[in-house]
Every structure is written in structure tokens, then in C-alpha cells.
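To start, the structure itself, in C-alpha cells.
All residue numbers in this chain count up from 1 along the given sequence. Nothing here was measured: the structure is a model prediction, and the numbers come from that model.
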Amino acid sequence: PPFTIHHSPFSLLSSFPVTGRKVESARDLDRFVRLPFRLYRNDPNWVPPLIGDAKRTLTPGQNPFWGHAERELYLALRDDRVVGRVAAILDRSYNAHHNAHVACFGFFELEDDIEVAQALFTAVKAFARARATDVRLYFDLPLGVHADGFDTWRWQRAFVHEVSVGAPPDAYFTTGQ
């Protein structure tokens, strides 16, 4: 069911409540994928994903990950304008391998608005609760990033700067990784 969080009377933000819903249509998926394009459009370090690739990544049947995992995508809206998004994810293989009962969230993007964040986390918690799991954070960080790129700017506290990581040379990668 849709969820709603109303602004406090002291909010300087829009008077429209934050509403949310699951992504259930091609139009909703398009809006989910395109939100970062608006949020980061003025950031010179942001490199947008290919829209088709982003949609395939999130679509069961087009990404093998969803063969052992399930997800629900949520949009947060204010007066039908997308103001946030999140994916709630349950990876059955991870839980079986680690004897765990956890769900994760990712693709978390929003306008700078605590009420939007609350609405999205409420949806993720409901997803996890319905599956008798806890919620854990999942970062969508790429394996390799440019030192001056968008990911290192956006997630500054998640990176150790002036350090390189890799594997030593071996039979498969003679120069290392």
C-alpha cells in the first residue's frame, strides 16, 4: 500500500505530503532510473549511467542476480514529482551462505529532505519485516573509481585517500589487479 508522511507545521518545505509507492510499471521504472539525472545534473563530476543498462540491472529476468534475489523498488513523490527512490533487496544466496536473515537497500537517492528519507526507510523496513529479516546498508560503489570522480566526492567518508588496492600477480593476472 502507498505510504504517506506529512510535513510538520514548521517545515519550510513544500506543503504537499510525501507519498510513496512501489515501482510497478515501465513509467515508474523510468522515473526511478532518471531521478539522479535531475539531482546531479549540475555536478561536473557526475557521469550518468546508460539508461538501458540501469533498467536491465533492475529488471528480473534481465539480470541474473534476480535469479537468487528479490527486490522492490520504491518512489517517494511530492505532488506527483519524484523526490526520492530506494531499492529494498533480499539476496537469498547471501542469507543461505552466511546463515543470515537480512535485507539490504541500495539505489538510495533523494532531495535533501528528511521526510523523504523517512518515507523511503519506512518502505524498506516494511519490506524486511514482511520477510522476517533485518535491514543492512548496501553501497552501490563501483569496484574502481577515479580519485577525483563523482563517487569519491559523493562518498568521501567511505574512501581512504592516497591508497591503492589490488591483488598481487598470479597465474591468471601476471601483472596483478
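- Contact record, Ala119 with Val18: CB-CG1, 3.8 Å, taken as the closest heavy-atom pair.
- In terms of heavy-atom proximity, Leu58 sits nearest to Leu73 at CD2-CD2, 4.1 Å.
- The CG atom of Leu35 lies 8.0 Å from the CG atom of Leu75; values are rounded to the nearest 0.5 Å.
- Between the side chain of Asn63 and the backbone N or O of Phe65 there is at least one donor-acceptor pair closer than 3.5 Å.
- Put simply, CZ on Phe127 and SG on Cys104 are 9.5 Å apart, with the number rounded to the nearest 0.5 Å.
- Pairs of residues two or more places apart, or lying in two chains, that qualify as salt bridge (charged side-chain N to carboxylate O under 4.0 Å, His left out) and include a residue from residues 54-68 are Asp30-Lys55, Asp53-Arg56.
- Looking at residues two or more places apart in sequence or on another chain, you find no salt bridge (charged side-chain N to carboxylate O under 4.0 Å, His left out) involving Arg129.
- Annotation: side chain of Arg71 is in contact with side chain of Pro60 (closest heavy-atom distance under 4.5 Å).
- For the side chain to side chain donor-acceptor pair (under 3.5 Å) condition, the pairs that include at least one residue of residues 92-108, sequence neighbours left out, are His68-Ser93.
- Nearest heavy atom pair, residue Pro49 against residue Phe37, reads O-CZ, 3.5 Å.
- A tilted orientation is assigned to the rings of Tyr40 and Trp46, their planes being inclined by 30° to 60°.
- Here the side chains of Arg78 and Asp113 are in contact, with some heavy-atom distance below 4.5 Å.
- Between Tyr74 and Lys22, the closest heavy-atom pair is CE2-CG, 3.3 Å.
- Inter-residue side-chain proximity for Pro48 and Arg41 is flagged as unmet; no heavy-atom pair is nearer than 4.5 Å.
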For Asp28 and Arg21: C-alpha separation, side-chain torsions, deciding distance, then whether side chain to side chain contact (heavy atoms under 4.5 Å, CB included) applies. CA-CA 9 Å; Asp28 285 346; Arg21 67 170 183 254; 2.9 Å; yes

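- Note on Arg38 versus Glu111: salt bridge recorded, some NZ/NE/NH1/NH2 to OD/OE distance being below 4.0 Å.
- Here the closest heavy-atom approach between residue Leu90 and residue Val102 is recorded as CD1-O, 3.3 Å.
- Taking the six-membered ring for Trp, Phe121 and Phe108 have ring centres closer than 6.0 Å.
- When every heavy atom of Val23 is checked against every heavy atom of Leu29, the shortest pair comes out as CG1-N, 3.5 Å.
- Between Asp80 and Arg31, some side-chain heavy-atom pair lies under the 4.5 Å cut-off.
- Partner of Phe105 under the side-chain contact (heavy atoms from CB on, under 4.5 Å) criterion, chosen from Leu120, Ile89, Val124: Val124.
- The backbone N or O of Phe107 lies less than 3.5 Å from a partner atom in the side chain of Arg85, making a donor-acceptor pair.
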